[in-house]
*Asks:* 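Questions regarding the structure given below will be posed in turn.
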There are 2 protein chains.
Amino acid sequence: MDSSPARRPALDTDPRDVGRRVRALREARGLSLSELARRAGVGKATLSGLENGTRNPTLETLWAVTAQLGVPMTAILVEAGPGAPEPAAVPVMHGTAVAATLLEVFDDGDVTYELYRLDLPAGTEQVSPAHHAGVTEHLTVFAGTLRAGPLDAPLTGGPGDHLSWRSDVPHGYAAPGPDDVRATLLIRYPRP
Amino acid sequence: MDSSPARRPALDTDPRDVGRRVRALREARGLSLSELARRAGVGKATLSGLENGTRNPTLETLWAVTAQLGVPMTAILVEAGPGAPEPAAVPVMHGTAVAATLLEVFDDGDVTYELYRLDLPAGTEQVSPAHHAGVTEHLTVFAGTLRAGPLDAPLTGGPGDHLSWRSDVPHGYAAPGPDDVRATLLIRYPRP
DNA sequence: TACCTTCGTTCCGTTTACGGAACGAAGGCT
DNA sequence: AGCCTTCGTTCCGTAAACGGAACGAAGGTA
């Protein structure tokens with residue numbers, strides 16, 4: 001697009017930042033570049049160039065990668081900060097019972113945080129496999145009664161309560177009470 | 001990317017939808033295709049192809065166009081909700097030191113929750129007047145060290161910590177450490 | 001040691017997104 | 001009528017994003 005020699009940014013947000021976020025999200029999930037490229041159906045050269053900011057990815061590429069990471073494209077395009085647009089509400093992951101909406105992603109270099117809003121219809125239950133070592137989850141209950149945490153030592157909390165656990169073991173989320181549960185979930189991924 | 005002969009979509013979201021939104025935004029501003037292309041510094045062929053969904057735009061193109069339309073890229077990548085035609089400016093309160101971005105509002109009839117993201121540059125301090133009786137604040141720290149709560153009994157927490165207090169008294173937020181503080185703040189307003 | 005796998009990067013030929021130019025269509029003006 | 005401007009699309013040569021293959025490095029196993 002820009003045929004001038006200096007190759008000036010001309011972009012509000014540097015593609016290097018986009019690449020940095022993609023890499024953070026990938027590593028937070030313990031995926032290798034090769035494996036993410038294979039799963040997303042893109043070339044390793046494409047993903048490598050995207051993460052290093054040396055390419056100008058197409059919409060199709062961005063979609064393939066973010067879909068495989070399980071995050072809305074917003075997560076890699078907007079810098080989380082004041083004045084940033086409201087994050088897209090895209091229900092994702094975990095699966096059937098729990099609707100988890102990614103609100104924000106914070107990439108601080110050494111640590112990545114993901115903030116979700118959870119909705120559990122009354123009576124539902126959901127199990128999530130272990131993350132890798134060091135990952136912790138921090139849950140704030142808005143409404144209903146939530147039982148969550150490691151499967152062998154679940155925690156219980158009501159509105160206003162805050163639950164935390166290490167999620168390097170199989171864990172789950174359940175709404176045992178008569179009311180729907182709403183909560184925010186903060187997942188902390190330290191750099192491996 | 002797709003070397004199969006049929007050139008099937010292979011996209012979760014159709015580029016035609018993206019183009020349709022761009023065209024809607026452009027026409028809502030009374031801009032011609034030629035003029036928007038000129039202002040955005042892209043070719044008319046590029047913009048025409050983008051709006052008609054016959055191209056696979058690059059990140060740089062998307063940025064140039066959305067920046068000129070004055071909308072976040074989110075506006076053309078996600079389907080806008082029924083009651084959200086314009087991405088209204090993100091509400092920011094408090095003011096000087098603390099940047100509070102409203103993430104979500106839950107209105108449950110008897111109770112209202114507001115979820116904010118807080119940004120405190122290192123060294124800043126902010127005081128907030130008392131709210132109504134029964135209002136509570138619940139804070140989860142992401143980064144930095146935060147001292148917050150009632151002025152006469154402040155609490156302190158680091159990354160991952162959770163602080164709660166009743167905010168029917170004057171209270172404050174401070175970042176006494178060397179690092180910027182980022183946190184989520186949940187305010188619970190019971191029906192008076 | 002040798003051998004194998006997987007890592008991320010780089011090379012390379014193909015595909016395609018890019019901007020400029022040319023196009024026909026549709027007004028506006030004298 | 002003629003002439004001019006602007007509209008959005010299409011053509012076309014160039015630049016670059018793409019996937020596949022080859023690469024060296026690092027770690028595991030025998």
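Residue numbers start from 1 in every chain, and the chains themselves are labelled A, B, ... in the order their sequence lines are given, proteins ahead of strands.
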*Asks:* Could you please spell out the steps behind the side chain to side chain contact (heavy atoms under 4.5 Å, CB included) verdict for A:Glu137 and A:Tyr173?
*Replies:* CA-CA 12 Å; A:Glu137 303 197 13; A:Tyr173 314 84; 2.6 Å; yes

*Asks:* Give the nucleotide from the list D:dT9, D:dA17, C:dT9 with an atom nearest to the side chain of A:Ser48.
*Replies:*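 Nearest to the side chain of A:Ser48 among the choices is C:dT9.
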
*Asks:* Is the phosphate of C:dT10 approached by A:Arg55 (side-chain N or O, under 4.0 Å from OP1 or OP2)?
*Replies:*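 A:Arg55 to C:dT10 OP1/OP2: no side-chain N or O under 4.0 Å.
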
*Asks:* Please evaluate residues A:Thr156 and A:Leu146 with respect to the criterion side chain to side chain contact (heavy atoms under 4.5 Å, CB included), reporting the C-alpha separation (whole Å), side-chain torsions for both, the decisive distance (0.1 Å), and the verdict.
*Replies:* CA-CA 6 Å; A:Thr156 301; A:Leu146 176 69; over 6 Å; no

*Asks:* In whole Å, what is the span from the CG atom of A:Leu50 to the P atom of D:dA16?
*Replies:*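 Rounded to whole Å, this separation is 17 Å.
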
*Asks:* Please pick, from D:dC18, C:dA17, D:dT10, the nucleotide with the shortest atom-to-atom distance to any side-chain atom of B:Ala45.
*Replies:*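 Looking only at side-chain atoms, B:Ala45 lies closest to D:dT10.
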
*Asks:* Given atom CZ of B:Arg23 and atom C1' of D:dT9, what is their separation to the nearest angstrom?
*Replies:*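 So the CZ-C1' distance, B:Arg23 to D:dT9, works out to 10 Å.
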
*Asks:* Starting from P on C:dC11, measure out to CG on A:Asn52 and report it in whole angstrom.
*Replies:*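 Rounded to the whole Å, the gap is 14 Å.
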
*Asks:* For D:dA17, does OP1 or OP2 lie under 4.0 Å from any side-chain N or O of B:Asn56?
*Replies:*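 Indeed not, no polar side-chain atom of B:Asn56 lies that close.
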
*Asks:* Considering non-hydrogen atoms only, spot the tightest contact between A:Ala148 and A:Leu139 and give its length.
*Replies:*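 Minimum heavy-atom separation between A:Ala148 and A:Leu139: CB-CD1, 4.3 Å.
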
*Asks:* With respect to the phosphate group of D:dA17, does any side-chain polar atom (N or O) of A:Thr61 fall under 4.0 Å of OP1 or OP2?
*Replies:*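 No.
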
*Asks:* Please pick, from D:dC7, C:dC7, C:dC18, the nucleotide with the shortest atom-to-atom distance to any side-chain atom of A:Ser32.
*Replies:*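 That would be C:dC7.
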
*Asks:* Go through it in stages, so that I can follow the logic: the residues are B:Thr136 and B:His138, the test is side chain to side chain donor-acceptor pair (under 3.5 Å), and I'd like the CA-CA distance, side-chain angles, deciding distance and then a yes or no.
*Replies:* CA-CA 7 Å; B:Thr136 53; B:His138 310 266; 3.0 Å; yes

*Asks:* Select from B:Glu35 and A:Leu47 the residue whose nearest nucleotide in DNA chain D is closer to the 5' end of that strand.
*Replies:*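 By nearest-heavy-atom nucleotide position, the 5'-most residue is B:Glu35.
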
*Asks:* Just how large is the angle between the end axes of the helix from C:dT1-D:dA30 to C:dT30-D:dA1, five pairs per end, to 10 degrees?
*Replies:*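 If I round to tens, the end axes sit 10° apart.
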
*Asks:* If you look at every heavy atom in B:Ser164 and B:Leu155, which pair is closest and at what distance?
*Replies:*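 Closest heavy-atom pair between B:Ser164 and B:Leu155: O-CD1, 3.3 Å.
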
*Asks:* Rounded to the nearest Å, what distance is computed from the CG atom of residue A:Leu59 to the C1' atom of nucleotide C:dA17?
*Replies:*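 Taking atom C1' of C:dA17 as the reference, CG of A:Leu59 is at 13 Å.
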
*Asks:* About how many Å separate OH of A:Tyr116 and OG1 of A:Thr184, when rounded to the nearest 0.5 Å?
*Replies:*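 Taking OG1 in A:Thr184 and OH in A:Tyr116, the distance rounds to 13.0 Å.
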
*Asks:* State plainly whether the residues A:Glu51 and A:Arg26 are in salt-bridge range, i.e. N to O under 4.0 Å.
*Replies:*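 Between A:Arg26 and A:Glu51 there is a salt bridge, with a charged N closer than 4.0 Å to a carboxylate O.
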
*Asks:* Output the single nucleotide from C:dC7, C:dG19, D:dG8 whose closest atom is nearest the side chain of A:Ser34.
*Replies:*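 Given the options C:dC7, C:dG19, D:dG8, the side chain of A:Ser34 is closest to C:dC7.
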
*Asks:* Looking at D:dC7, I'd like to know if its phosphate oxygens (OP1 or OP2) sit under 4.0 Å from a side-chain N or O belonging to B:Arg38.
*Replies:*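 For D:dC7, OP1/OP2 do not have a side-chain N/O of B:Arg38 under 4.0 Å.
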
*Asks:* In whole angstrom, what separates B:Leu31's CG from D:dT6's C1'?
*Replies:*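 From B:Leu31 CG to D:dT6 C1': 14 Å.
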
*Asks:* Rounded to whole angstrom units, what separation is found between the NZ atom of B:Lys44 and the C1' atom of D:dC7?
*Replies:*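 Computing the B:Lys44:NZ to D:dC7:C1' distance gives 7 Å.
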
*Asks:* Any heavy-atom pair between the side chains of A:Val181 and A:Leu118 that's under 4.5 Å?
*Replies:*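 With C-beta onward as the side chain, the pair stays apart.
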
*Asks:* Take atom CD of B:Glu60 and atom P of D:dA16, then tell me their distance rounded to the nearest Å.
*Replies:*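 Those two atoms, CD and P, are 10 Å apart.
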
*Asks:* Output the single nucleotide from C:dC18, D:dG19, D:dT9 whose closest atom is nearest the side chain of B:Thr46.
*Replies:*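 Out of C:dC18, D:dG19, D:dT9, the nucleotide with an atom closest to B:Thr46's side chain is C:dC18.
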
*Asks:* Provide, to the nearest angstrom, the distance between the CD atom belonging to A:Glu27 and the P atom belonging to C:dC7.
*Replies:*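 Spelled out: CD on A:Glu27 to P on C:dC7 is 13 Å.
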
*Asks:* Which one, D:dT9, C:dA17, C:dT9, comes nearest to the side chain of B:Thr58?
*Replies:*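 Minimum distance to the B:Thr58 side chain belongs to C:dA17.
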
